[in-house]
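Here is the structure we will look at.
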Amino acid sequence: MGDRIENSPYRFRMHANDSDLFLCRSPPLAADAFNLLKKRIDEMYQVNLILDNLPAIRYTKKDDYFLRWTGYPVGIRVGVDYYVFNHLQFTVLVHKYEEANVARVMGTGDATDGFPSTGKDGSGGAAGSSGWMVVGFEVVPCSIKHNPDDVKSLKMYGKYPRSIKCDPTTVSMSIKENEPIVYTYEVSFVESDIKWPSRWDAYLKMEGAKVHWFSILNSLMVIAFLAGIVFVILLRTVRRDLTRYEELDSEAQAQMNEELSGWKLVVSDVFRAPSNPMLLCVMVGDGVQILGMAVVTILFAALGFMSPASRGTLITGMLFFYLVLGILAGYAGVRVWKTIKCGDHTGWMAVSWRVACFFPGIAFLILTTLNFLLWGSQSTGAIPFSLFVILILLWFCISVPLTLVGGLLGAKAPHIEYPVRTNQIPREIPPQKYPSWLLVLGAGTLPFGTLFIELFFIMSSIWMGRVYYVFGFLFIVLLLLVIVCAEVSLVLTYMHLCVEDWKWWWKSFFSSGSVAIYIFLYSINYLVFDLKSLSGPVSATLYLGYSLFMVIAIMLATGTVGFISSFCFVHYLFSSVKAD
């Protein structure tokens, strides 16, 4: 996530405006350094600065409104020339507190190192003696032509010989091989009415709330349409058929049985165990765990417990909830296994182990591969080896035991009894007009339709470094997605049963899980059209690797929703049928 922090050489004194400060002079640019700098400018590298836990914010004017960015670019290319931003104009917004103690208590650890006090005794830490709080941090990058000879005798933080006028609309410091670059900065403190608790508002203000509402309305239309179909199925078809069926005496029933068509013909096969039952149980268990983690994390974030002001809480929260919900995964996986095996819980240990290792194993494989790529290209984005060890220990010491405990509870819980008996000889499935996998693949478009607008904002947040804070909207979208997945799978299962296709277990999983295919295609589309600045095969591989990881998680979660809704529907449907 780019959350590791290094100290920068910029020095501010609380409430002391400084201008024309000399920072440093780089050595003459050797050929490789010159080429690397040009490459970084082409790749639109950003510099992100933090002051007292607030990221530096940069405003650019577009037409008649301002765009907010965090950080500033390393440089800019104009024609064939490359220019570097070597002068920074900082504006620090401060709020005065009457009680110095209040300010001192509320200051965070980062600022204590950053702010020498202007008081005589030099003691004051973050707040200084007058009780000033940092409530905003803005930066304007400029490219200014400095003469390297002017600063030969200057020390760091010395006064630059000439006055510097920062104009962000023009650039003049072009980079050339074997020439040094001189860096300068200025800082001004501005009193502000912004109070300490609301200092993050500028970052969390999300434009385009209308777009989110449009996305939700769009999802509600899809839900209403599907709910109508489900309602018609349950009310008209099922109820009407059952009342007709139950009103007849046994002879007429036998006669009607011969004339029966559709779902009642598969009554003796509908609960026949699926192929690869173990894998289905494992995927359902992992899906329950991922879905539970998503719901709980987004709910907490929507309630404001995971503010971006405290770095890394979202990732930490996701990991924590995932580990704890292992107990639910083991329970769900083993319960489904026991149901398929008609109450026999032998093999629950194997199911629990596989649930504990299936998704984390895939995640571990993808992340290790990507990490080797990052290590190979000497990137600071690589996960340190120590953190890898910690993650493996968390997995084996917390997640696996909890999953096994959940499995034990699932093995002890009563299995779900089937309402009808299954024949020993499977019924032949009549030839279908269309291949059933075509329907299953097509079904994914409906859940994707409810999701894709929000997906754009999430992608921009992850890959473009924009702050995403509309967790309330995201929670609504997640609930709508769950409802759509359940409805889509239910309708498709009913369609399959109507054409006497009793192999519904896997189809119900993938009819809603196939949304993952469309999300992956959307990721590729986003890479091609929105991330044009992404450079080289390593970056593209990283992007696709992370996308694949997310898509597998989404497939397991949405597939589980579809499977559970279909199972409940089929159980309800056949529990009201009289069968010999």
Side-chain angles (χ1 to χ4, degrees), residues 1-3 36 38-48 62 67 69-71 73-77 206-208 211-212 215 218 290 294 314-315 318 359 362-383 441-442 444-470 473-474 477-478 481 513-558:
M1 298 296 289
D3 283 337
L36 181 67
K38 284 203 305 187
K39 189 163 172 256
R40 293 290 181 253
I41 292 171
D42 274 334
E43 291 167 347
M44 296 165 74
Y45 263 62
Q46 296 276 333
V47 181
N48 289 297
K62 187 180 180 185
L67 289 171
W69 307 87
T70 47
V74 172
I76 191 169
R77 181 181 176 175
M206 288 294 289
E207 276 81 26
V211 182
H212 294 285
S215 138
N218 166 40
I290 293 163
L314 198 65
I315 297 283
M318 284 168 76
F359 180 69
I362 293 172
F364 190 68
L365 200 70
I366 294 172
L367 291 176
T368 313
T369 313
L370 296 183
N371 228 37
F372 277 121
L373 278 175
L374 284 168
W375 275 329
S377 52
Q378 276 123 33
S379 165
T380 52
I383 303 173
L441 280 181
T445 51
L446 289 164
F448 180 71
T450 66
L451 186 74
F452 81 100
I453 296 177
E454 212 58 42
L455 199 59
F456 172 78
F457 289 101
I458 295 168
M459 295 289 240
S460 302
S461 161
I462 295 173
W463 301 114
M464 300 280 210
R466 291 178 192 152
V467 176
Y468 182 89
Y469 200 60
V470 283
F473 280 118
L474 186 59
V477 169
L478 183 70
L481 177 70
S514 60
V515 66
I517 297 167
Y518 298 96
I519 293 175
F520 193 65
L521 292 174
Y522 181 83
S523 307
I524 294 169
N525 167 67
Y526 190 84
L527 172 67
V528 175
F529 294 106
D530 290 281
L531 294 176
K532 295 190 192 76
S533 60
L534 210 65
S535 64
V538 175
S539 293
T541 312
L542 274 176
Y543 171 82
L544 290 173
Y546 282 124
S547 297
L548 184 68
F549 171 59
M550 288 193 296
V551 158
I552 291 170
I554 290 168
M555 181 201 74
L556 291 171
T558 51

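Note that the structure is a prediction, hence the values are computed from the model and not measured. These values consider heavy atoms only, across backbone and side chains, with no hydrogens, waters or symmetry-generated copies. Positions are given from 1, in the same order as the sequence printed here.
Nearest heavy atom pair, residue Leu441 against residue Ser514, reads O-OG, 3.7 Å. Counting all heavy atoms, side chain and backbone alike, Thr558 lies closest to Gly513 at OG1-CA, 3.5 Å. When all heavy atoms are compared, the tightest approach of Ile290 to Ala557 is CG2-CB, 4.1 Å. Pairing each heavy atom of Glu454 with each of Val477, the nearest pair is OE1-CG2, 3.9 Å. Between Gln46 and Gly71 the shortest heavy-atom distance is OE1-C, 3.7 Å. The two atoms that bring Asn48 and Thr70 nearest to each other are OD1-O, 3.4 Å, heavy atoms only.
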Quiz: residues 547-555 side-chain donor-acceptor pairs under 3.5 angstrom, not counting sequence neighbours:
{"residue": "Ser547", "atom": "OG", "partner": "Tyr543", "partner atom": "O", "Å": "2.9"}

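Counting only heavy atoms from C-beta outward, the side chains of Met459 and Ser523 approach each other to under 4.5 Å. Side-chain atoms of Ile517 and Leu521, non-hydrogen and from C-beta on, do get closer than 4.5 Å to each other.
Summarising the geometry, atom CG belonging to Leu365 is positioned 9.5 Å from atom CG belonging to Leu370; distances are rounded to the nearest 0.5 Å. Note that CZ of Phe457 and CZ of Phe452 are 11.0 Å apart. Values are rounded to the nearest 0.5 Å. To the nearest 0.5 Å, atom CG of residue Leu481 and atom CZ of residue Phe448 are 11.5 Å apart. To the nearest 0.5 Å, atom CG of residue Leu474 and atom CG of residue Leu455 are 10.0 Å apart. Distance CG/Leu542 to CG/Leu373: 6.0 Å, rounded to 0.5 Å. To the nearest 0.5 angstrom, Tyr526 atom OH is 14.5 Å from Ile519 atom CD1.
Under the rule for a ring-ring contact (aromatic ring centres under 6.0 Å, His included), the partners of Phe473 that lie at least two apart in sequence or sit in another chain are His212, Trp213.
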Residues Leu544, Ile524; criterion side chain to side chain contact (heavy atoms under 4.5 Å, CB included); working and verdict:
CA-CA 8 Å; Leu544 290 173; Ile524 294 169; 4.0 Å; yes

